[in-house]
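Worksheet for the structure shown next.
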Amino acid sequence: MSKRSVHFKIYRYDPDRDEKPYMQDITIELEPSDKKLLDALMRLKGKDDTMSFRRSCREGICGSDAMNINGKNGLACLTALDGLEQPVVLRPLPGLPVIRDLIVDMTQFFKQYHSIKPYLVNDNPPPERERLQSPEDREELNGLYECILCACCSTSCPSFWWNPDKFVGPAGLLAAYRFLADTRDEATNERLDNLEDPYRLFRCHSIMNCVDACPKGLNPTRAIGKIKDMMVARAV
Amino acid sequence: MVPTAHYQMGGIPTDYSGHVVVPKDGNPNTPVAGFYAAGECACASVHGANRLGTNSLLDLLVFGKAAGETAVEELQGGQLPLRPLPADAADFSLARLARLESQINGESVFEVGQDMRRSMQKHAGVFRFDALLKEGVSKIKEIAERAGRTQIGDKSKVWNTARVEALELDNLIEVAKATMVSAEARKESRGAHVRDDAPDTAEFPNGRNDTVWLKHTLWYSEGNRLDYKPVNLNPLNEGTEPIALAKRTY
Ligand code: SF4
Ligand code: SF4
Ligand code: FES
């Protein structure tokens, strides 16, 4: 049986060597155990170690190998090689500054995430044991807490591209709702105040690119809708 | 389907407040002033010979917090006499970098890494066999030597993952050696260390031989040698009874 191979077109840019970015054409032979796009990238790096990308867990949990794959954001480790249209075009996540090759500067993304205070706020003295929730209350957090902060959603969102410094973006807003929906959190009003602004929340026009991009099957648009509902409910 | 490594048991020995401890002057757990460890690299020794599900959160939340607090307290309290940084403090790290930069006719980081992973899987896997472990010890030594000759093509100063991966491989090799050498030497089954030649019997529940092997393994990078220290089975708070050793039945 002839060996499987993949034909790539990969965005390359090393500011230390290259005047400007270029697309590299390269074909790589696969071993039978290579199932995911990340396997092929690792094999590629074995041949040419200047090829740079982030990766860590190789199982969809750390969120570090997000990239633009054939025009769509996704995680290399969760993307099956079989069925990928060739040449496989790989680019860094759109809308964030490129540091090198497929590695982007995530500073702006994490700044927005931190701006929503992604932790439980409750100044009441802790009870003897843990702060409890009913199973129903806990259920509310499903589809919110699973976010791995890969940035596939925010970097597919036109509103985030235009205003990464002002619009919190889908990932940050999903996290904001995760704490707004948490019955143990006491900062609901402050959290809503923090988002009451023409940009931070309201730049979302429900284009739903984020839902389409999320490799964990989460729905930031719905969470954003729920925050908007809470704003309205609070105003009346 | 194959099993994969998900967690590293054992690590730099610490006490419950994050101090790194070493055997010294007859005390197996003497703190090293100003040296702390927490998380998966550390071993506060709460897990016994097999960490159970979600218990790694202890390393993170309990001992991470403790180590952080201890470090701050001791620094602010002036308990740590700060000595001047030796002039050659960076030499070791710089030598590692310089070696990588100048290596020619070297080994591929990817290939050596693959061989290390394959050898660990084959020779120190879920079930362990004496002959395989013995072979593994010499294999991992060979691989460690190759890791000392790795070469990188990428010399860029911007986000150089090739260099980082080469340095990581050096670190992984240390852990691989510690695992293989310790496992080969321990002639019993205990926790996650399951040897085919130490089965579950009435005399040795779960294959455990407490008379000989109820002790911690200490591996020294220098000389790739082993030492042992006693296990503390007594709770630190007074009045709490120790939990007796028992057979694992699930
Ligand atoms: S739904 Fe909102 S957050 Fe999601 S992509 Fe569209 S504008 Fe961005
Ligand atoms: S919501 Fe989904 S796409 Fe967005 S950061 Fe979280 S896991 Fe990634
Ligand atoms: S490598 Fe961790 S999510 Fe892909």
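Here is how names work: the chains are called A, B, and so on, in the same order as the sequence lines, proteins then strands, and each is numbered from 1. On a predicted model such as this, the values are computed, not experimentally measured, just so you know.
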Atom pair [atom1]/[atom2] of [X] and [Y] - distance to nearest 0.5 Å:
X: D34(A); Y: E29(A); atom1: CG; atom2: CD; result: 11.0 Å
X: I10(A); Y: M23(A); atom1: CD1; atom2: CE; result: 8.0 Å
X: I148(A); Y: L218(A); atom1: CD1; atom2: CG; result: 8.5 Å

>> Taking the six-membered ring for Trp, are F35(B) and H19(B) closer than 6.0 Å centroid to centroid?
In response: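 No, the ring of F35(B) stays outside the 6.0 Å limit from the ring of H19(B), centre to centre.
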
> Quick one: does S17(B)'s side chain have a donor or acceptor within less than 3.5 Å of a partner on T70(B)'s backbone?
Replying inline: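 Side chain of S17(B) to backbone of T70(B), a donor-acceptor pair under 3.5 Å: no, none is there.
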
>> Sub-4.5 Å heavy-atom contacts with chain A: which residues of residues 154-169 of chain B show up?
In response: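 D154(B), S156(B), K157(B), V158(B), W159(B), N160(B), T161(B), A162(B), E165(B), listed by number.
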
>> Counting heavy-atom pairs under 4.5 Å with chain B, which one of E59(A), M51(A), R55(A) comes out on top?
In response: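 Maximum pair count with chain B is reached by R55(A).
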
Where does [X] contact chain B at under 4.5 Å (heavy atoms): side chain, backbone, both or neither?
X: K47(A); answer: neither
X: R17(A); answer: neither
X: R43(A); answer: both
X: I99(A); answer: both

>> Can you tell me if K117(A) has over 12 outside heavy atoms packed within less than 6.0 Å of its NZ?
In response: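 No, because the 6.0 Å sphere around NZ of K117(A) holds 12 heavy atoms or fewer from other groups.
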
> Hey, which of I26(A), V88(A), D25(A) is the one that makes side-chain contact (heavy atoms from CB on, under 4.5 Å) with H7(A)?
Replying inline: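 The single option meeting the side-chain contact (heavy atoms from CB on, under 4.5 Å) with H7(A) is D25(A).
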
> On the ring face of Y11(A), is R91(A) found with NZ or CZ under 6.0 Å from the centre and within 45° of the axis?
Replying inline: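 No, R91(A) and Y11(A) do not form such a contact.
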
